[in-house]
Amino acid sequence: MKVYMLNPPYMPHFGRGMRWQDTGRGGTLYYPIWLSYATALVNKKHETRLVDAPAWNWDRNDVIDDVKKFKPNLIVMDSSFPSLNNDIEVAESIKQSYGADLKIVLVGPPASQFSNEILNSDGIDIVARLEYDSTIEELADRLENEENLEDIKGISYKENGEIIHNPDREFTNSEDLDKIPFVSKVYKEHLNVKDYFLGSSLYPEIQIFTGRGCPFHCTFCSWPQTLMGRKYRVRSVKNVLDELEWIQNNLPEVKEVFFEDDTFTIDKKRVLEFCQQYRERGLQVTWACNARVGLDYETMKEMKESNCRLLIVGYESGNDEILKNIKKGITVEEIKNFAEDAKRAGLLVHGDFIIGLPGETKQTIENTKKLIKETKSDILQVSVASPFPGTEFYEWCKEEGFLITEDPNEYLDENGHQKAIITYPEITNEEITEAVNGILKNYYLSLDYIPRAFRQILRKQGLAEMQRLLYSAKMFLNYLRGD
Ligand code: SF4
């Protein structure tokens with residue numbers, strides 16, 4: 001069986017794996033990370049090709065030519081809400097050019113929310129809902145043996161003009177995760193690590209998961225609600241360290257490994273165990289991770305001593321009422337303590353804020369600006385609140401009549417940047433976008449940022465930090481110019 005794993009073309013540098021999917025103001029380009037994990041499993045038995053069209057600047061014709069050369073039996077195509085119409089059209093173009101024998105399965109968050117609509121198109125035969133790597137592995141095996149699809153959990157498909165929804169597949173558990181081959185091997189075999197860039201990571205970097213799922217209930221957050229579920233399951237510490245060692249030995253150009261777990265720091269005991277064993281093995285490769293406010297200073301210190309460089313943390317808002325509305329489970333006071341502790345521990349912080357969450361007014365935006373000034377993140381990200389289908393936030397916006405459009409394909413502007421698609425009585429969609437742009441400009445173009453940039457350059461890997469900052473700055477200035 002020949003399996004073609006496709007991150008389909010859309011806008012150049014479009015990141016389907018990002019939390020807020022767009023073309024990234026600071027030049028960010030994510031690995032097609034979920035698709036790569038599925039590739040790791042399918043690779044075991046089947047001839048597999050992984051294609052990342054946004055990273056390679058491929059258009060539909062490039063993909064069609066490549067499909068004709070590879071001659072797959074099955075195409076697994078990633079999707080996202082803002083690119084869904086485009087993704088379905090790509091599938092239709094491939095079908096028209098390549099022929100009907102081919103099966104195309106669509107994966108990604110929209111598959112769990114819009115399976116009927118997607119299957120009503122001519123391009124898609126099957127959708128794999130929610131976490132999909134094992135589903136795709138089983139599907140490829142079954143199709144190869146020409147078996148029927150009726151008891152494959154987690155798929156919906158068309159048969160004789162009828163749409164059939166099989167029951168959901170159980171989410172993976174910790175033991176399952178240890179059995180997935182290292183995703184870094186997939187990157188080395190199929191992709192070029194130099195194509196990918198995270199504004200906050202040393203370049204080149206690699207993104208991996210040490211665990212999946214998030215037990216928290218933030219109403220706006222799409223991944224736990226539309227893809228990976230709420231249970232945090234984790235790889236063994238040994239398995240993660242084995243992968244770091246493999247990266248160090250086989251991809252020496254990689255300067256940093258980023259742990260993409262929704263919140264790597266949830267389990268303090270595991271983090272400490274990881275740090276201790278990292279040092280015992282004498283590993284050198286720098287790492288960074290997503291963290292959550294509430295992480296204590298002692299653990300931060302241990303992380304720093306084990307080569308952790310940076311934490312990405314969701315602060316979201318400078319207003320306690322909004323933090324309550326979105327069920328974030330943290331307070332402004334706790335945010336300030338976290339920022340202080342991280343600085344004391346010597347860790348860089350990439351702080352994430354969102355404008356346009358429930359309860360946002362001009363006054364709450366001022367609260368957020370004040371908190372941004374006080375916490376002084378080394379890297380600041382401010383996003384427009386996007387209510388993705390399947391989230392509690394989306395349902396709330398819909399019920400209250402705040403959505404300008406129910407079509408997620410309308411979420412981006414012509415340059416692929418996030419647009420505000422909600423408007424509140426107290427603040428309009430235009431004001432939300434203006435606030436985001438204004439905060440970012442003030443932060444990065446103010447004199448106050450210079451010492452913060454120096455703090456980064458004067459670190460252990462100063463040259464690499466400088467290259468990262470310069471590239472991000474160039475992309476950010478392009479964004480401001482509207483390029
Ligand atoms: S803690 Fe982070 S990953 Fe988990 S639900 Fe909240 S925003 Fe999402």
Side-chain angles (χ1 to χ4, degrees), residues 15 17-28 30 197-201 207 214 216-224 258-266 288-295 309-320 322-323 325-332 334-343 347-358 360 364-365 367-388 391 393 417-418 420 432-433 435-444 449 452 456 468 472 476 479:
M18 289 160 71
R19 205 166 287 272
W20 305 108
Q21 295 106 25
D22 70 1
T23 52
R25 292 180 180 93
T28 288
Y30 267 52
F197 180 78
L198 291 183
S200 52
S201 279
Q207 291 162 272
C214 177
F216 295 98
H217 286 75
C218 311
T219 60
F220 62 87
C221 180
S222 172
W223 295 128
F258 190 84
F259 299 158
E260 266 296 335
D261 308 28
D262 282 330
T263 317
F264 174 72
T265 55
I266 293 174
C289 65
N290 289 318
R292 194 176 144 83
V293 168
L295 180 65
R309 179 183 145 274
L310 168 132
L311 307 174
I312 296 190
V313 59
Y315 292 150
E316 325 304 8
S317 172
N319 179 277
D320 275 324
I322 291 184
L323 291 171
N325 292 345
I326 60 170
K327 302 186 183 164
K328 185 72 193 176
I330 60 174
T331 63
V332 170
E334 288 166 345
I335 292 174
K336 289 183 194 167
N337 293 339
F338 176 95
E340 195 54 52
D341 286 347
K343 209 157 286 163
L347 292 167
L348 294 178
V349 172
H350 169 138
D352 283 341
F353 288 87
I354 304 171
I355 301 293
L357 291 168
E360 196 79 274
T364 61
I365 292 177
N367 299 150
T368 296
K369 286 184 189 168
K370 184 165 173 271
L371 185 63
I372 288 173
K373 266 198 175 155
E374 285 172 19
T375 44
K376 295 187 176 62
S377 297
D378 300 284
I379 295 143
L380 174 74
Q381 182 179 329
V382 186
S383 304
V384 165
S386 287
F388 288 118
T391 61
F393 179 37
H417 299 304
Q418 267 192 306
I432 291 172
T433 309
V436 168
N437 290 338
I439 293 171
L440 285 169
K441 265 191 228 169
N442 279 341
Y443 199 78
Y444 286 112
Y449 190 67
R452 246 164 278 156
Q456 296 168 52
R468 171 183 66 73
S472 284
F476 182 63
Y479 163 71

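Because the structure is a prediction, the values reported are computed rather than measured.
Under the side chain to side chain contact (heavy atoms under 4.5 Å, CB included) criterion, Asn319 pairs with Ser317, Glu321, Ile322, Thr364, Asn367, not counting sequence neighbours. Among residues two or more places apart in sequence or in another chain, the side-chain hydrogen bond (donor to acceptor under 3.5 Å, both in side chains) test is passed with Ser386 by Gln418. With sequence neighbours excluded, the residues satisfying side chain to side chain contact (heavy atoms under 4.5 Å, CB included) with Asp341 are Tyr297, Met300, Arg344.
When all heavy atoms are compared, the tightest approach of Ala291 to Thr263 is C-CG2, 3.8 Å. When every heavy atom of Ala339 is checked against every heavy atom of Thr375, the shortest pair comes out as CB-CG2, 3.7 Å. Scanning both residues, Glu334 and Gly329, for their nearest heavy atoms gives OE1-O, 4.2 Å. Among all heavy-atom pairs drawn from Asn290 and Glu260, the shortest one is ND2-O, 3.4 Å. Considering every non-hydrogen atom in both Gly356 and Ile432, the closest pair reads CA-CD1, 3.9 Å. Nearest heavy-atom pair, Thr28 versus Gly199, reported as atom, atom and distance to 0.1 Å: OG1-N, 3.4 Å.
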Walk me through whether Thr391 and Phe220 qualify under side-chain contact (heavy atoms from CB on, under 4.5 Å). CA-CA 6 Å; Thr391 61; Phe220 62 87; 6.0 Å; no

With side-chain contact (heavy atoms from CB on, under 4.5 Å) as the criterion, how do Leu323 and Ile330 come out once you've worked through the C-alpha distance, each side chain's angles and the decisive distance to 0.1 Å? CA-CA 7 Å; Leu323 291 171; Ile330 60 174; 4.3 Å; yes

If you apply the rule side-chain contact (heavy atoms from CB on, under 4.5 Å), what do you find for Phe353 with Ile439, and how did you get there? CA-CA 10 Å; Phe353 288 87; Ile439 293 171; over 6 Å; no

Worked check of side-chain contact (heavy atoms from CB on, under 4.5 Å) between Asn325 and Leu357: CA-CA 8 Å; Asn325 292 345; Leu357 291 168; over 6 Å; no

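Inter-residue side-chain proximity for Val349 and Val313 is flagged as met; some heavy-atom pair is nearer than 4.5 Å. Two residues are said to be in side-chain contact when any heavy atoms from C-beta on lie closer than 4.5 Å; Leu371 and Ile335 meet this criterion. The closest side-chain heavy-atom distance from Phe216 to Pro224 is not below 4.5 Å. Between Ile326 and Phe393 the shortest side-chain heavy-atom distance does not fall below 4.5 Å.
Interatomic distance, OH of Tyr443 versus OG of Ser377, reported as 5.0 Å (0.5 Å rounding). In this structure, CZ on Arg292 lies 5.5 Å from NZ on Lys328, to the nearest 0.5 angstrom. Between atom CG of residue Asn437 and atom NE2 of residue His417 there is a gap of 9.5 Å, rounded to the nearest 0.5 Å. Residue Ile312 holds its CD1 atom at 8.5 Å from SG of Cys289, rounded to the nearest 0.5 Å. Here the NZ atom belonging to Lys343 is positioned 10.0 Å from the CG atom belonging to Leu348, to the nearest 0.5 angstrom. Between the CD1 atom in Ile355 and the OG1 atom in Thr368 there is a gap of 4.5 Å [rounded to 0.5 Å].
Aromatic ring pairs are classed by plane angle as parallel below 30°, tilted from 30° to 60° and perpendicular above 60°; the pair Phe264 and Phe259 is tilted.
Tyr315 pairs with exactly one of Val293, Leu380, Asp352, Ile354 by the side chain to side chain contact (heavy atoms under 4.5 Å, CB included) rule, that one being Val293.
Of the charged side-chain nitrogens involved, none lies within less than 4.0 Å of a carboxylate oxygen, so that Glu340 and Lys336 do not count as a salt-bridged pair.
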